[in-house]
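Down below is the structure, laid out as structure tokens.
The structure presented is a predicted model; accordingly, all values stated were derived computationally and were not measured.
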Amino acid sequence: MVVVLWALSHLGVRVAATHLYGGGACAIGESKKTDDVERYQQCLLAKNEAQGAFGDSFGAVNALFTGLALAGLVLTLVMHSEGARRVAKPFVIPALDRAEPEARVSVGLPNRAAGQVTLPIEVVLPIRNESDHPALNLTIILSAPGARLEVDRVVDLPIAGRSGRVTAIQSSVSGDAASDFVARVSAEGLELSVELVCESVEGVKWRSSVRYLVRVDPARAVDLDLLRQAIDGPVAEPALWAGNAQVDLLFAAVPGSWSYQEVAGVRARSHRDGRDKRGFWQRLLSVISWFSK
């Protein structure tokens with residue numbers, strides 16, 4: 001577009017010069033009359049002006065391209081800064097794995113009140129940060145839509161790179177949800193969704209999630225009896241639930257359910273270190289001011 005505009009302006013200058021002073025080379029007759037000399041001088045002046053305008057047009061184009069190059073450099077630096085913010089990302093994953101000795105999903109002593117049974121559920125969840133970058137403001141979200149189970153838990157302390165921790169999460173299901181829970185874990189299994197949302201030191205949030213299939217161990221008939229008695233029995237039998245007995249459920253990750261992505265449009269407003277999370281234009285202005293020094 002810039003080249004087209006320059007070509008049109010140059011053509012306009014040439015056409016105007018040709019119209020006013022005629023085309024071709026400037027010449028003076030042999031008579032060398034005063035009128036011929038003046039006309040020759042005017043022709044040379046017109047050509048010089050046309051050539052000057054032609055050179056000036058190159059100067060304007062050069063200035064334009066220089067400005068565009070500077071703008072492109074600034075934009076590249078800003079985009080590089082944006083990319084660098086996303087490179088330093090924590091990779092925090094739930095490690096609800098049977099190979100982890102502390103990992104556990106269990107059902108505790110049922111509580112029956114006003115004709116409604118409540119089953120306490122505890123999830124002991126190991127969490128690992130597999131990257132070299134720390135994870136801040138970690139939020140754990142557990143949900144099992146079929147059993148109407150949903151828990152949000154915020155972990156206050158950050159998780160350093162290449163480290164982990166174990167978090168115990170308590171929840172419960174009651175009434176019809178408790179009956180559905182027992183029916184599903186006793187048969188085909190219940191899908192438990194585990195979602196971790198954390199924040200990098202640069203203020204970008206990342207989400208990792210996985211679904212687990214949770215069910216009663218079919219080899220342990222006593223666990224089936226405990227859960228069925230908790231729902232069907234009028235009162236929990238002390239003989240069955242003696243010694244704070246609990247039912248440990250089997251769990252395994254659902255193949256293909258792992259997910260890891262940036263939380264689009266969500267950034268931290270501030271950090272405890274007082275670092276300002278500036279927008280795109282603020283970073284652009286800071287880069288321009290740095291170049292102007």
Side-chain angles (χ1 to χ4, degrees), residues 82-107 120-173 181 184-185 188-217 246 248-269 271-273 277:
E82 286 289 322
R85 295 177 71 246
R86 284 162 174 77
V87 168
K89 58 185 178 183
F91 183 46
V92 180
I93 60 172
L96 195 59
D97 192 324
R98 297 182 66 182
E100 295 283 344
E102 297 177 296
R104 186 173 72 252
V105 178
S106 60
V107 180
I121 300 172
E122 182 181 44
V123 179
V124 180
L125 180 66
I127 301 171
R128 294 201 302 260
N129 184 358
E130 299 290 349
S131 72
D132 296 324
H133 309 288
L136 310 177
N137 303 325
L138 178 66
T139 300
I140 305 171
I141 304 172
L142 298 181
S143 61
R148 287 173 285 182
L149 171 66
E150 188 166 350
V151 182
D152 287 12
R153 169 78 180 274
V154 177
V155 179
D156 295 330
L157 297 176
I159 300 179
R162 302 296 175 185
S163 66
R165 67 180 48 190
V166 178
T167 301
I169 304 171
Q170 283 80 30
S171 184
S172 63
V173 287
F181 178 86
R184 296 180 66 178
V185 298
E188 72 278 4
L190 174 72
E191 280 199 359
L192 176 66
S193 175
V194 180
E195 182 176 323
L196 304 180
V197 179
C198 66
E199 178 186 323
S200 71
V201 293
E202 296 294 339
V204 181
K205 287 195 173 183
W206 301 90
R207 175 190 292 115
S208 59
S209 63
V210 62
R211 298 195 310 275
Y212 292 94
L213 187 65
V214 180
R215 60 189 179 90
V216 176
D217 187 348
Q246 63 183 19
D248 290 329
L249 303 176
L250 298 178
F251 46 84
V254 177
S257 65
W258 284 94
S259 174
Y260 179 74
Q261 59 186 350
E262 180 184 351
V263 182
V266 179
R267 291 184 182 173
R269 295 179 181 272
H271 281 302
R272 293 181 181 179
D273 61 2
K277 295 300 161 189

### Message
side chain to side chain contact (heavy atoms under 4.5 Å, CB included), that's the test. Do V173 and I121 meet it? Break it down for me.
### Response
CA-CA 8 Å; V173 287; I121 300 172; 3.9 Å; yes
### Message
Does R184 have more than 12 heavy atoms from other residues, nucleotides or ligands lying within 6.0 Å of its CZ?
### Response
yes
### Message
With a sphere of 6.0 Å drawn around CD of E102, does it hold more than 12 non-hydrogen atoms of other residues, nucleotides or ligands?
### Response
no
Within a strict 4.5 Å, meaning less than it, do heavy atoms of the [X] and [Y] side chains meet?
X: I159; Y: L157; result: no
X: V105; Y: D248; result: no
X: H133; Y: K89; result: no
X: V254; Y: V210; result: no
X: S208; Y: P94; result: yes
X: L250; Y: R98; result: yes
X: Q246; Y: R104; result: yes
X: I140; Y: I127; result: yes

Heavy-atom pair with the smallest gap, counting every atom of [X] and [Y]:
X: V201; Y: P134; value: CG1-CG, 3.7 Å
X: P120; Y: S172; value: CA-CB, 4.1 Å
X: A95; Y: A103; value: O-CB, 4.3 Å
X: A160; Y: S163; value: O-OG, 2.5 Å
X: G161; Y: N129; value: CA-ND2, 3.6 Å
X: A88; Y: S200; value: O-CB, 3.4 Å

### Query
When you check the side-chain N and O atoms of N137 and T139, is any donor under 3.5 Å from an acceptor?
no
### Message
Check the orientation of Y212 and F251. Use parallel for under 30°, tilted for 30 to 60°, and perpendicular for over 60°.
### Response
perpendicular
### Task
Could you check W258 against I93 for side chain to side chain contact (heavy atoms under 4.5 Å, CB included), going step by step and ending with a plain yes or no?
CA-CA 9 Å; W258 284 94; I93 60 172; 4.1 Å; yes
### Query
Got a sec, which pairs hit salt bridge (Lys or Arg N to Asp or Glu O under 4.0 Å) with one end in residues 129-146, sequence neighbours left out?
R128-E130, D132-R162
Donor-acceptor contacts, no H, no angles, side chain residues 190-197, under 3.5 Å, sequence neighbours left out:
{"unit_1": "E191", "atom_1": "OE1", "unit_2": "R211", "atom_2": "NE", "d": "3.0"}
{"unit_1": "E195", "atom_1": "OE2", "unit_2": "R207", "atom_2": "NE", "d": "2.7"}

### Residues K205, E262: salt bridge by 4.0 Å N-O rule
no
### Task
Starting at CG of L249, measure out to CD of E122 and round the result to the nearest 0.5 Å.
11.5 Å
### Task
Look up atom CG in L136 and atom SG in C198, then write down how far apart they are to the nearest 0.5 Å.
8.0 Å
### Query
Do F181 and V107 pass the side chain to side chain contact (heavy atoms under 4.5 Å, CB included) test, and can you show the C-alpha distance, the side-chain angles, and the key distance before you say yes or no?
CA-CA 11 Å; F181 178 86; V107 180; 3.7 Å; yes
## Note on the structure
Only one of L96, V166, T167 passes side chain to side chain contact (heavy atoms under 4.5 Å, CB included) with V124, and that residue is V166
